[in-house]
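Notes follow once the structure below has been shown.
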Number of protein chains: 2
Amino acid sequence: MGRWEPDARDRLVRAALDLFDEQGYENTAVAQIAERAGLTKSTYFRHFKDKREVLFGGQDELVELLVEGIAGTPEPAGALRAVEGALVAIAVTFSEERRANGPRRLAVIAANDELRERNAMKMAGFSNVMQEALRQRGVPELDAAVAAELGTVALRVAYDRWLEAGGDFAEVARRALEEVRLAAAALEGAE
Amino acid sequence: MGRWEPDARDRLVRAALDLFDEQGYENTAVAQIAERAGLTKSTYFRHFKDKREVLFGGQDELVELLVEGIAGTPEPAGALRAVEGALVAIAVTFSEERRANGPRRLAVIAANDELRERNAMKMAGFSNVMQEALRQRGVPELDAAVAAELGTVALRVAYDRWLEAGGDFAEVARRALEEVRLAAAALEGAE
DNA sequence: GAAAGTGATGGGACTTGGTCTCATCAACCG
DNA sequence: CGGTTGATGAGACCAAGTCCCATCACTTTC
């Protein structure tokens, strides 16, 4: 594989991020991204299923790691401990290079409805995947839903902090999850 | 207003739901929806900003009610009580007609990625709105995020049950939220 | 070493979502 | 009765995304 100029996919990602940054997502045509990467529209759509996906690559890998992280947490462990295992498992993908591009990527996404939509779907996907993995362990439906949802809250918080301050993502995530748990436990109900 | 055939918007919604049901969302063109409603593509896009929105109308009203429900909960009350106020506040929009069309609408949405994406965005929007409204009451950031997220879990659960069994939505939502709270409180942390 | 195969690419036709502009036409108002 | 208003129709236009076929670099096989 890779008989021609290598890294076509990477070149597309870089070209897209640059162009979105320079002139905005909506003002950038797929053909333009391809051109800057030395390719054509056809080739772009062979690598990414639509215009947005160039910003959301690697999601499949994260999903796999989340599932493995939950399934691989030794029994007996509560649902939230398994979620912690999932967050720790994805830490390997949080490289320095990813941290460097993070803010630029976030800024592009935040500036466009279509992209925010895709991001919401991504997050919901993470939650669903964790919920399903928890149910596979025998966690009851509602508990799985709650634990998975709190896990994604922690994931968002941890990601923000990690972009801000760096450090070991696994540690940041563990702390965030514990804070979320305490906040949830402190909620008063109807009396 | 309404000098020509009235209810253009309603006709479009009905035509869309019928066509999506008959031949699927992707196999239905906007022009076809408009045609069945006795209108044209131009008019369609005057009523809905894109092809999907015909299935997601009324979101603005829900957002308003959620915010009012939280802001209108008398102090002092915990974050989750305010969220309960929000869920109760939207109950007025859950009519019998809406319940009748609910399952068909859900089936169409579930069958298509684009629509599931929009739905995820809608839910995330509810959560964000509640979170912001809670912060306006002085609830700390993280507590607001957790309460809002648990609120949307309860909202989903309540909606499912209400579609299934009917009854007073406010009551169903209250019960769902209490169950969610108990599930969250029962989560064990790292020792 | 030539022929056949393979996989990534180029190119262009085509459909459809979505935007924009201008014309039309029914109702209302003075 | 003539002018205004607001919803609609009509059609040009652009970009996203799909499809199909040609091409070309490299590999395998005989």
Side-chain angles (χ1 to χ4, degrees), chain A residues 1-57 59 108-109 111-119 121, chain B residues 1-20 22-57 59 108-109 111-119 121-122:
Chain A
M1 45 217 80
R3 293 154 186 77
W4 294 258
E5 298 295 327
D7 307 321
R9 195 184 176 94
D10 281 357
R11 266 155 45 213
L12 285 168
V13 171
R14 273 191 294 271
L17 205 49
D18 286 348
L19 286 166
F20 293 163
D21 213 12
E22 291 169 16
Q23 53 188 21
Y25 174 81
E26 284 158 331
N27 301 322
T28 303
V30 169
Q32 197 183 359
I33 300 171
E35 188 190 5
R36 176 169 297 202
L39 298 167
T40 64
K41 200 179 84 168
S42 298
T43 302
Y44 176 96
F45 282 109
R46 262 181 217 107
H47 287 277
F48 304 100
K49 82 167 203 284
D50 60 39
K51 182 178 173 184
R52 296 172 287 173
E53 208 194 270
V54 73
L55 286 171
F56 294 94
Q59 183 170 358
V108 171
I109 292 174
N112 182 272
D113 263 11
E114 222 177 311
L115 294 173
R116 297 216 318 257
E117 222 171 84
R118 179 72 143 243
N119 200 50
M121 182 69 168
Chain B
M1 48 213 83
R3 292 153 186 79
W4 293 260
E5 299 295 326
D7 305 323
R9 193 184 178 97
D10 281 357
R11 265 155 47 214
L12 285 168
V13 171
R14 272 192 294 271
L17 205 48
D18 287 347
L19 286 167
F20 294 162
E22 290 169 16
Q23 53 188 23
Y25 175 80
E26 284 160 331
N27 300 322
T28 304
V30 170
Q32 197 182 359
I33 301 172
E35 188 190 6
R36 178 168 297 203
L39 298 167
T40 63
K41 200 179 83 167
S42 297
T43 302
Y44 177 95
F45 284 109
R46 260 181 218 108
H47 285 278
F48 304 99
K49 83 167 201 283
D50 59 40
K51 182 178 174 186
R52 295 173 286 173
E53 208 192 272
V54 73
L55 286 171
F56 293 93
Q59 184 171 356
V108 171
I109 292 174
N112 183 272
D113 265 12
E114 222 177 311
L115 295 174
R116 298 217 317 258
E117 222 171 87
R118 179 72 143 241
N119 200 50
M121 181 70 170
K122 179 179 165 183

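Chain letters run A, B, ... following the sequence lines, proteins first and then strands; every chain starts at 1.
Side-chain contact check for B:Leu55 versus B:Leu17: some heavy-atom pair is nearer than 4.5 Å.
Atom CZ of A:Phe45 sits about 13.0 Å away from atom CG of A:Leu39, to the nearest 0.5 Å. Note that CD1 of A:Ile33 and CZ of A:Arg11 are 14.0 Å apart. Values are rounded to the nearest 0.5 Å.
The CZ atom of B:Phe48 sits 19 Å away from the C1' atom of C:dT16 (whole-angstrom rounding). Remark: P of C:dT16 and CD of B:Gln23 are 11 Å apart, rounded to the nearest angstrom. The separation between B:Asn27 atom CG and C:dT15 atom C1' is 13 Å, rounded to whole Å. Rounded to whole Å, the distance from CD on A:Glu53 to C1' on D:dG17 is 13 Å. Taking atom NZ on B:Lys49 and atom P on C:dG18, their separation rounds to 9 Å, with Å as the unit. Atom-to-atom, CD of A:Glu114 to C1' of D:dA16 comes out at 9 Å; the value is rounded to the nearest Å. With rounding to whole Å, B:Asp7 atom CG is found 14 Å from D:dA7 atom P. B:Gln32 places its CD atom 14 Å from the C1' atom of C:dG17, with the value rounded to the nearest Å.
When the ring pair (Phe, Tyr, Trp, His ring centres under 6.0 Å) test is applied to B:Phe48, the partners found at least two apart in sequence or on another chain are B:Tyr44. Partners of A:Gln23 by side chain to side chain donor-acceptor pair (under 3.5 Å), not counting sequence neighbours, listed by chain and number: A:Thr28, A:Gln32. Listed by chain and number, the residues in a ring pair (Phe, Tyr, Trp, His ring centres under 6.0 Å) with B:Tyr25 are B:Phe20 (sequence neighbours excluded).
Note on the helix from C:dG1-D:dC30 to C:dG30-D:dC1: terminal axis deviation equals 0°, with five pairs used at each end and the result rounded to 10°.
Checked options A:Glu114, A:Met121, A:Arg116, A:Arg118; the residue passing with B:Met121 is A:Arg116 (criterion: side-chain contact (heavy atoms from CB on, under 4.5 Å)).
Look at B:His47 and you'll find a side-chain N or O under 4.0 angstrom from OP1 or OP2 of D:dT8.
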**Item:** A:Arg52 vs B:Glu117, salt bridge (Lys or Arg N to Asp or Glu O under 4.0 Å): CA-CA, chis, key distance, verdict
**Value:** CA-CA 13 Å; A:Arg52 296 172 287 173; B:Glu117 222 171 87; 2.4 Å; yes

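Contact check of residues 33-45 of chain A against DNA chain C (heavy atom, cut-off under 4.0 Å) returns A:Gly38, A:Leu39, A:Thr40, A:Ser42, A:Thr43.
Where B:Arg46 and B:Asp50 meet DNA chain C, the nucleotide closest to each residue was compared, and B:Asp50 sits on the side nearer the 5' end.
Sorted by first then second residue, the salt bridge (charged side-chain N to carboxylate O under 4.0 Å, His left out) pairs that include residues 27-41 of chain B, not counting sequence neighbours, are B:Glu22-B:Arg36.
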